[in-house]
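As structure tokens, the structure follows; a few thoughts come after it.
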Number of protein chains: 2
Amino acid sequence: MNSEPSIKHRMTRQKRVILDVLKGTDTHPTADWVYEKVKKKIPNISLGTVYRNLNILKSQGEILELNFGKGFSRFDGNVSYHYHFTCEHCGRIRDVESPMFEHLNEEVGRNIGHKVSRHRLEFYGECTDCATQ
Amino acid sequence: MNSEPSIKHRMTRQKRVILDVLKGTDTHPTADWVYEKVKKKIPNISLGTVYRNLNILKSQGEILELNFGKGFSRFDGNVSYHYHFTCEHCGRIRDVESPMFEHLNEEVGRNIGHKVSRHRLEFYGECTDCATQ
DNA sequence: CTACCTGCAAACTTTTTGCAGCCCA
DNA sequence: TGGGCTGCAAAAAGTTTGCAGGTAG
């Protein structure tokens, strides 16, 4: 994977469209979803190129790789750190607008005796769309 | 995967040893680590059997499947729900003895307008072992 | 020009599954 | 005894990579 900081990365058409797709959705898509979407603009793009660019963009801090324990990754063009809410009924993943609980790091760090620098918090439940059906 | 509740699961030697291995460690091992460990007692066990039993045990609530975004799962014989701390230096995953923040579900649920029933919280940082080296 | 990037396809890794025989309840 | 379970091996599914030609800067 060409993501060492020493390499000067170029802005190619492929990379730009991939980034645009990710910045233009809040659906936390999989690599394959991105691939299908990008194919509409660049029909002969390859899945390998999508993966390569996702890794480069991730290493450059332009996107986030999320993981919800399904054996594949999801990607997020919203790099401002935030929590997520997953509906266990429809599977949709939403951004949580709630503020972050910054104090948890220090609180738990003191408790366990290790230096805690960040945390990841995911909420699960049933969204209103599903509850009202 | 034979994990429908309708199926009457049996206790086989393989399943018992797999469960013993998981209950006897706090290292949050991968399926392959469990496989290697179980092979010492049942040398001709197959990896497929390990995976099948891990899935059955998980569906029965006897173990937990964890996911730390590395392309493979980790398993936990400690099913009392708890948080984890991952050292980003040595990679070791420790249980967090801190009490759970039960109020987060209601607080965030009110904020986002969806029914939140549980959350998952993972801490990251540097453990004392690594910090003092 | 010359790194870096692309499409293609093969390779890799983790996990699942079909099958014929085995064994727990 | 029969339905679930096993070992084996092949298949899936997601992701990475080697290569020869293409292109951004």
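We name chains A, B, ... by the order of the sequence lines, and we start the count at 1 in each one.
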### Task
Rounded to the nearest angstrom, tell me the gap between atom CG in A/Leu54 and atom P in D/dG14.
14 Å

### Task
Could you tell me whether B/Ile45 contacts a base, only the sugar-phosphate backbone, or nothing, with contacts defined as non-hydrogen atoms closer than 4.0 Å?
sugar-phosphate

#### Entry: N or O in side chain of A/Ser46 less than 4.0 angstrom from C/dC8 OP1/OP2
no

### Message
Whole angstroms only, please: what is the CH2-P distance between A/Trp33 and D/dG14?
### Response
16 Å

### Query
Between B/Asp32 and A/Ile42, who's closer to the 5' end of DNA chain C by nearest nucleotide?
A/Ile42

Are there any protein N/O atoms within less than 3.5 Å of an N/O atom in nucleotides 10-13 of chain C, and if so, which ones and at what distance?
none

### Task
May I have the distance from B/Tyr35 (atom OH) to C/dT16 (atom P), rounded to whole angstrom?
16 Å

### Query
Within 45 degrees of the axis of the six-membered ring of A/Phe68 and under 6.0 Å from its centre: does A/Arg120 put its NZ or CZ there?
yes

### Query
Using a distance-only test with no angle check, is there a side-chain donor-acceptor pair under 3.5 angstrom linking A/Tyr81 and A/His119?
no

### Query
Can you check the A/Leu19 CG to C/dC5 C1' distance for me, whole Å?
16 Å

### Query
Does any non-hydrogen side-chain atom of B/Glu107 lie less than 4.5 Å from one of B/Phe101?
no

### Task
Starting from C1' on C/dG7, measure out to CD1 on A/Ile18 and report it in whole angstrom.
13 Å

#### Entry: Backbone of B/Gly125 reached by a side-chain donor or acceptor of A/Lys115 within 3.5 Å
no

### Message
Rounded to whole Å, please give me the gap between CD1 in A/Ile56 and C1' in D/dA24.
### Response
14 Å

### Query
Given D/dT6, is OP1 or OP2 found less than 4.0 Å from the side-chain N or O atoms of B/Asn53?
yes

### Message
Using heavy-atom distances to pick each residue's nearest nucleotide on DNA chain C, tell me which of B/Leu47 and A/Val50 is more 5'.
### Response
A/Val50

### Query
So, for A/His82 and A/Val96, which heavy atoms are closest and what is the spacing to 0.1 Å?
CB-O, 4.2 Å

### Query
Is there a donor-acceptor contact under 3.5 Å linking the side chains of B/His28 and B/Asp95?
yes

### Task
Would you tell me if any nitrogen or oxygen in the side chain of A/Ser73 comes within less than 4.0 Å of OP1 or OP2 on D/dT15?
yes

### Message
Between P on D/dT17 and CZ on A/Arg52, what's the gap in Å once rounded to a whole number?
### Response
10 Å

### Message
How many whole angstroms separate atom CZ of A/Arg16 from atom C1' of D/dT23?
### Response
16 Å

### Message
At less than 4.0 Å, is any side-chain N or O atom of B/Tyr51 found next to OP1 or OP2 of C/dT16? Yes or no.
### Response
no

What N/O pairs connect the protein and nucleotides 22-25 of chain C at under 3.5 Å? Give each pair on its own line.
from: C/dC24; atom 1: O2; to: B/Arg10; atom 2: NH1; distance (Å): 3.3

### Task
Indicate yes or no: at least one non-hydrogen side-chain atom of B/Glu65 is less than 4.5 angstrom from one of B/Ile63.
no

### Task
Examine B/Arg118 relative to A/Tyr124 and say whether NZ or CZ is less than 6.0 Å from the centre of the six-membered ring and inside a 45° cone about the ring axis.
yes

### Message
Looking at D/dT16, I'd like to know if its phosphate oxygens (OP1 or OP2) sit under 4.0 Å from a side-chain N or O belonging to A/Asn55.
### Response
yes

### Task
Keeping to residues at least two apart or across chains, list the ring pair (Phe, Tyr, Trp, His ring centres under 6.0 Å) pairs with something in residues 30-63 of chain B.
none

### Message
Tell me whether the side-chain N/O atoms of A/Gln14 come closer than 4.0 Å to OP1 or OP2 in D/dT23.
### Response
no

### Task
Give the minimum heavy-atom separation between B/Gln14 and B/Ile42, together with the two atoms involved.
CA-CD1, 3.8 Å

